[in-house]
Amino acid sequence: MKLGVSAFAWTAKFESSHLALLPSLKEMGIEGVEVPMFDPAALPIRAIRNAFEAAELECLVCAILPTQLNPISPDAFVRRAAIEHLTACIEVAAAMGCRMLGGPLYSPIGYLPEHRPTSEEWRWAVEAFQSLSEPLEACEVNLSIEPVNRSETFFLRTAAEAKRLCEEIGNPRIGVTIDTFHANIEELSIPAAIRLLGPHLKHLHASENDRGSLGRGHVPFPEIVSALREIDYKGYLMIEGFGFDSNEQSAPGYLWAIPDVTPASLAAESYSYLRSLLR
Ligand code: LER
Ligand code: MN
């Protein structure tokens with residue numbers, strides 16, 4: 001298993017200036033860094049690729065769909081635009097040197113139309129992900145679909161639902177991300193969810209129940225690591241938290257993070273906690 005950290009600890013708007021963080025993360029022992037992607041065209045693609053190569057770090061991407069781009073919208077035009085956007089996300093991720101693109105890619109965060117998922121919406125999701133086969137193959141990118149909790153989606157909340165979605169999509173390049181913050185809300189047992197997914201689990205967001213430093217809260221990380229070992233998981237434990245940064249007044253970290261958890265302390269404390277669990 002590899003240890004990584006998501007740049008969400010610092011920012012939701014990743015810019016060239018954030019690349020200065022990479023050498024110190026490498027020095028800490030981090031192997032990969034996840035870049036948040038909202039508008040793929042807005043990212044400094046070449047600078048990201050060069051900086052990750054120079055730091056000898058793996059680049060991963062977490063894409064969040066803008067509200068107007070929805071693969072399960074009742075409007076066929078919106079669904080088509082969402083597929084074009086996802087294709088651009090795959091191409092830009094590949095250009096950044098990324099081989100693993102994840103996130104809640106089935107709908108924008110906060111799309112809550114107040115009904116249970118319909119069979120039509122399910123089919124639109126399956127078809128949308130199936131239609132990405134060609135760019136995924138051409139770009140050699142894998143996709144990891146992240147269930148999120150009920151305040152962020154009505155559509156995909158649990159590992160069981162995500163497993164069924166992957167089975168229906170039927171593309172070995174497409175699997176599931178478990179985010180332990182979301183799973184702590186939606187699963188009866190996070191280790192059982194991991195065992196259920198088995199080889200479908202491609203990525204993991206290691207996130208405390210308050211999105212702060214790992215090991216301070218009640219997410220059962222020792223049992224999670226045991227379950228990951230049982231399924232022979234070889235992917236990342238990607239630390240996903242939001243550290244407090246007063247310069248980012250609209251970022252989740254500014255809204256929710258505890259002021260004594262800075263981005264740097266979140267990364268360092270979470271890294272040493274996970275490292276000790278893996279030893
Ligand atoms: C993305 O990885 C995630 O967990 C979302 O809840 C971010 O809003
Ligand atoms: Mn996550």
Side-chain angles (χ1 to χ4, degrees), residues 1-39 42-44 47-52 54-64 93 96-98 100-104 109 146 148-149 152 177 179-182 184 203-219 221 236-278:
M1 282 180 254
K2 295 171 278 188
L3 293 185
V5 64
S6 164
F8 262 132
W10 287 266
T11 185
K13 191 171 184 293
F14 195 88
E15 292 171 342
S16 297
S17 57
H18 297 108
L19 294 169
L21 295 165
L22 298 185
S24 60
L25 295 176
K26 173 74 181 181
E27 204 162 303
M28 192 194 291
I30 290 288
E31 291 160 271
V33 174
E34 194 159 279
V35 174
M37 178 184 276
F38 292 82
D39 174 6
L43 287 166
I48 290 177
R49 187 183 190 113
N50 291 345
F52 273 82
E56 296 178 358
L57 282 167
E58 188 175 347
C59 175
L60 298 94
V61 169
C62 179
I64 307 285
M96 285 161 46
C98 160
M100 177 64 82
L101 168 69
I109 294 287
E146 179 177 351
V148 294
N149 78 79
E152 300 190 22
T177 297
D179 179 323
T180 58
F181 166 83
H182 297 296
N184 177 58
H203 193 51
L204 185 127
H205 284 162
S207 198
E208 193 50 274
N209 61 283
D210 69 345
R211 291 292 207 187
S213 290
L214 307 188
R216 290 197 192 190
H218 63 239
V219 170
F221 286 108
Y236 272 91
L237 291 171
M238 183 61 66
I239 298 159
E240 189 184 67
F242 302 121
F244 184 82
D245 183 348
S246 58
N247 294 320
E248 298 245 348
Q249 307 228 340
S250 62
Y254 183 75
L255 291 175
W256 299 325
I258 308 140
D260 73 329
V261 180
T262 62
S265 68
L266 186 144
E269 198 178 311
S270 301
Y271 174 82
S272 61
Y273 174 69
L274 289 181
R275 181 52 74 205
S276 71
L277 288 184
L278 291 179

ring-ring contact (aromatic ring centres under 6.0 Å, His included) partner of Y254, the single match among F242, W10, F244 = F244

task = Give the C-alpha distance, both sets of side-chain angles, the deciding distance and a yes or no for side-chain contact (heavy atoms from CB on, under 4.5 Å) between F221 and L237.
result = CA-CA 11 Å; F221 286 108; L237 291 171; over 6 Å; no

task = Could you tell me whether the side chains of E58 and Y236 share a donor-acceptor contact shorter than 3.5 Å?
result = yes

Ion pair K13/D39, N-O distance below 4.0 Å = no

request  = State which residue, out of S265, P259, P263, fulfils the side-chain contact (heavy atoms from CB on, under 4.5 Å) condition with V261.
outcome  = S265

ask   = Sub-3.5 Å donor-acceptor pair from the side chain of N209 to the main-chain atoms of H218, do we have one?
value = yes

query = Are there more than 12 heavy atoms of other residues, nucleotides or ligands under 6.0 Å from atom CD of E27?
reply = no

message = For C62 versus E146, what's the shortest heavy-atom pair and its separation?
response = SG-OE1, 4.4 Å

request  = Could you tell me whether the side chain of S272 and the main chain of E269 form a donor-acceptor pair under 3.5 Å?
outcome  = yes

ask   = V33 versus L21: any side-chain heavy-atom pair under 4.5 Å?
value = no

ask   = How close do M96 and V61 get, heavy atom to heavy atom, and via which atoms?
value = CE-CG2, 3.6 Å

note = All heavy atoms of E208 vs all of L214, minimum pair found to be N-CD2, 3.4 Å

message = Would the distance check show the side chain of H205 and the main-chain N or O of M238 forming a donor-acceptor pair, the cut-off being under 3.5 Å?
response = no

